[in-house]
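By convention in this document, chain letters (A, B, ...) are assigned in the order of the sequence lines, proteins followed by strands, and residues within each chain are numbered from 1.
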There are 2 protein chains.
Amino acid sequence: MEIDPALFEENERTAPAEDGRRFITLNETKIRNGFVFPNLDICYQTWGTLNESKDNAVLVCHALSGDSNVLGWWERLFGQGKAVDPKEFFIIGANALGGCQGTTGPASTAPDGKPWGSRFPQISVEDMADRHADLLDYLGIEKLRLVAGGSMGGMQALALSTLHPNRVAKCWMTASCQAHSALQIAFNEVGRQAILRDPKFAGGNYHPGDPPTNGLSVARMAGHISYLSEASFEAKFGRRRQSGGSEQFAVESYLSYQGDKFTKRFDANSYLVLTRAIDEFEGNSLESAECEFLLTSFTSDWLYPSHQSRTLWQNCQDIGIEAVHIEIDAPFGHDSFLLETVQQGALIRKFLIGNE
Amino acid sequence: MEIDPALFEENERTAPAEDGRRFITLNETKIRNGFVFPNLDICYQTWGTLNESKDNAVLVCHALSGDSNVLGWWERLFGQGKAVDPKEFFIIGANALGGCQGTTGPASTAPDGKPWGSRFPQISVEDMADRHADLLDYLGIEKLRLVAGGSMGGMQALALSTLHPNRVAKCWMTASCQAHSALQIAFNEVGRQAILRDPKFAGGNYHPGDPPTNGLSVARMAGHISYLSEASFEAKFGRRRQSGGSEQFAVESYLSYQGDKFTKRFDANSYLVLTRAIDEFEGNSLESAECEFLLTSFTSDWLYPSHQSRTLWQNCQDIGIEAVHIEIDAPFGHDSFLLETVQQGALIRKFLIGNE
């Protein structure tokens, strides 16, 4: 595969930042709805070394609120001594298009020096996957050993595997699905409405220093309800009161804390754009996939319930795509994909090195 | 039982309004936290006739957004030719204290001529039950054949049965519980935060003509998610688009429609006060109950899951209170208690007339 270096504008930002993040800038990038970004940043991080045969690369796609720092948010499975070890594998994390952690999104600066804001186009999961393919071009990686992701990350992994089938040997989707159900759309819509109805939203053109934090915070609280299970809420909080003389229930403090913390690191327009992208996603081009699929789901996950993974597995079966679906018994709800280590770890190691 | 007529200020509002609602006014009413209402309205409706032995009275307590019009919102079980027929029974519906459908609540006028607003005290489910007992005094009913309620209504029924045990022969709680779980509190808290963070909330002292409709609407949307099941969301909406050329998903239109409609008939302060009351409720005085309990729950209700009714049944067993728990297979989520007719109808008829 030949990479055209003219595609990439190399600048000082290509050098690793202190936090390990690296950036490349793409020029004149057309997304699938026709919109053209005059320039577009991709923020990524890597761990380990690409081997000579360039067949040990693992790309990890993040969920809604994640970022390129895979060894930060998925440290139970990715890292030294973990199921996927940078001693063996070249691990790549990339912030998704439309996000707010380095890759171009609504809070990024448009050519006129102001944030894109409401002018940011409605990107798709397919567009996110296309940017991952661009990054692979830049890194000189023809084919990934594995693309992996949970939740929204799983959808990106599916999109990359189906739209760029020659780039993916294996695809692991965990706590994810091919297309959102009405319940998943409903949860996202409550969050979107909380943001859209915050007067500070100002049609999406809020001042960066005065964003719609109340709406975004409520959106995140609703999200957190969907990430835990009834059992994990009970185990974590029950009817316990917050310590410190407050009469609040602990679960109330938790939600407000999580909601408010989120507003310090996340952009409201990104929340709208990313949730819309995953609600619209339908994983339509499954038949073009050439990789093997590992699908994991969790007994207590009612946001991305097991039957969705089973349906995707059945769809693979129906068209002769190699796929395995394993339902894992774990009590942490949707968050299980971040917390469950033993079974996911064993499965992913076997999936990664099984054919060697 | 002797009723002291001086307790009740009879006024022209005692006469039935055109919509069937009747009102009584209590003077100097002290609630359990010590707060004294100089006067307090109770809004109620009745159907059928109290028989001579006064043993055919059925009090129905409403859920969060309900009212005294039982034959309106629970018409599948209560009404002519239905499981509980006004030809046989004297059916009473009463708006709960703290509500906004006639009985005194935060939107009611305080002695200074302004709405109570933020000055409205935090009432409890026990206070609601006390007012139901006051209404029974006024109506000259010593003992109810049945007190019934779903969700918040079930909690009121439990409170009346335990705090005023001599007033209740039988108690039917459906899709309800003895005390909220962390998940139930969490859902209510998201709604409360949506309201509290709406700038128009103004510390609870918003102008009646300019209430925090955005916050209340988002609260109601979050509520609706919890009332349906994943299966009923799927059956009702799936990934269907709204008709009329809109690109919106039908479930999105549904939520916005339900949210906005709710703001036209409900008060934001009532939402705060009522959800707080049910979150705080713990049904502590179970051992003082003297009635029989019928507890029904639904397989698809994940807001008030069956295990909560089972726990209450077990608590009754442990202290020798007669109780039956039946889990009903119905797909409508929490809303099943309003929608399921056949099994609830048969059970409640048997429960009502079984000992005759």
Side-chain angles (χ1 to χ4, degrees), chain A residues 122 179-200 212-215 217-226 228-240 247-256 259-260 279-280 282 302-303 305 307 333, chain B residues 122 179-200 212-215 217-226 228-240 247-256 259 279-280 282 302-303 305 307-308 333:
Chain A
Q122 182 53 58
H180 273 180
S181 69
L183 179 64
Q184 289 166 312
I185 298 170
F187 259 111
N188 282 339
E189 177 64 5
V190 168
R192 285 191 291 264
Q193 288 296 327
I195 292 167
L196 293 168
R197 289 163 183 261
D198 184 330
K200 291 205 171 171
T213 49
N214 282 319
S217 186
V218 170
R220 182 63 168 174
M221 292 182 209
H224 265 282
I225 291 186
S226 70
L228 274 65
S229 65
E230 196 212 0
S232 57
F233 263 112
E234 240 6 61
K236 231 172 151 125
F237 308 108
R239 292 182 59 80
R240 196 162 46 76
E247 290 191 357
Q248 262 201 327
F249 288 106
V251 68
E252 296 179 296
S253 314
Y254 169 83
L255 288 174
S256 281
D260 292 340
D279 283 349
E280 292 290 339
E282 295 192 329
W302 55 272
L303 188 62
H307 68 76
Chain B
Q122 182 53 57
H180 273 180
S181 70
L183 179 64
Q184 289 166 313
I185 297 170
F187 260 111
N188 282 339
E189 177 64 5
V190 168
R192 285 190 291 263
Q193 287 297 326
I195 292 167
L196 293 167
R197 289 163 183 260
D198 185 330
K200 291 205 172 173
T213 49
N214 282 318
S217 186
V218 170
R220 182 63 168 175
M221 291 181 209
H224 266 281
I225 291 186
S226 70
L228 272 66
S229 66
E230 197 213 359
S232 56
F233 264 113
E234 239 8 62
K236 231 173 149 120
F237 308 109
R239 292 182 60 80
R240 196 162 47 77
E247 290 191 357
Q248 263 202 327
F249 288 107
V251 68
E252 297 180 295
S253 314
Y254 169 82
L255 288 174
S256 281
D279 283 348
E280 293 289 339
E282 295 191 329
W302 54 273
L303 187 62
H307 68 76
Q308 292 189 321

Who wins among B:His307, B:Lys236, B:Lys200 for the most heavy-atom pairs under 4.5 Å with chain A? B:His307
Could you walk me through whether B:Glu189 and A:Gln248 pass the side chain to side chain contact (heavy atoms under 4.5 Å, CB included) check? CA-CA 10 Å; B:Glu189 177 64 5; A:Gln248 262 201 327; 4.2 Å; yes
Quick check for you: to the nearest 0.5 Å, what is the distance between B:Leu255 atom CG and A:Asn188 atom CG? 11.0 Å
Largest heavy-atom contact set with chain A, pairs under 4.5 Å, which of B:Gly259, B:Ser181, B:Ala182, B:Gly191: B:Ala182
Counting distance only, does the side-chain N/O of A:Arg239 pair as donor-acceptor with the main-chain N or O of B:Ala179 below 3.5 Å? no
Run the side chain to side chain contact (heavy atoms under 4.5 Å, CB included) check on B:Ser256 and A:Gln193 step by step: do they pass? CA-CA 8 Å; B:Ser256 281; A:Gln193 288 296 327; 3.6 Å; yes
Taking all heavy atoms of B:Asp279 and all of A:Phe249, pick out the closest pair and write down the distance. O-CZ, 3.5 Å
Based on non-hydrogen pairs under 4.5 Å, which of B:Met221, B:Glu282, B:Glu252 is most in contact with chain A? B:Glu252
Atom group of B:His180 that falls short of 4.5 Å from chain A, counting heavy atoms: both
Shortest non-hydrogen pair, B:Asn214 vs A:Arg197, comes out as OD1-NH1, 3.1 Å
Contact origin within B:Arg240 toward chain A - heavy atom pairs under 4.5 Å: neither
Between atom CZ of B:Phe237 and atom CG of A:Leu183, what is the distance when rounded to the nearest 0.5 Å? 11.0 Å
Part of B:Phe187 within contact of chain A (heavy atom distance under 4.5 Å): both
Relative to chain B, which segment of A:Gln184 carries a heavy atom at a distance below 4.5 Å: side chain, backbone, both, or neither? neither
Nearest heavy-atom contact between A:Val251 and B:Ala186 is CG2-CB, 4.0 Å
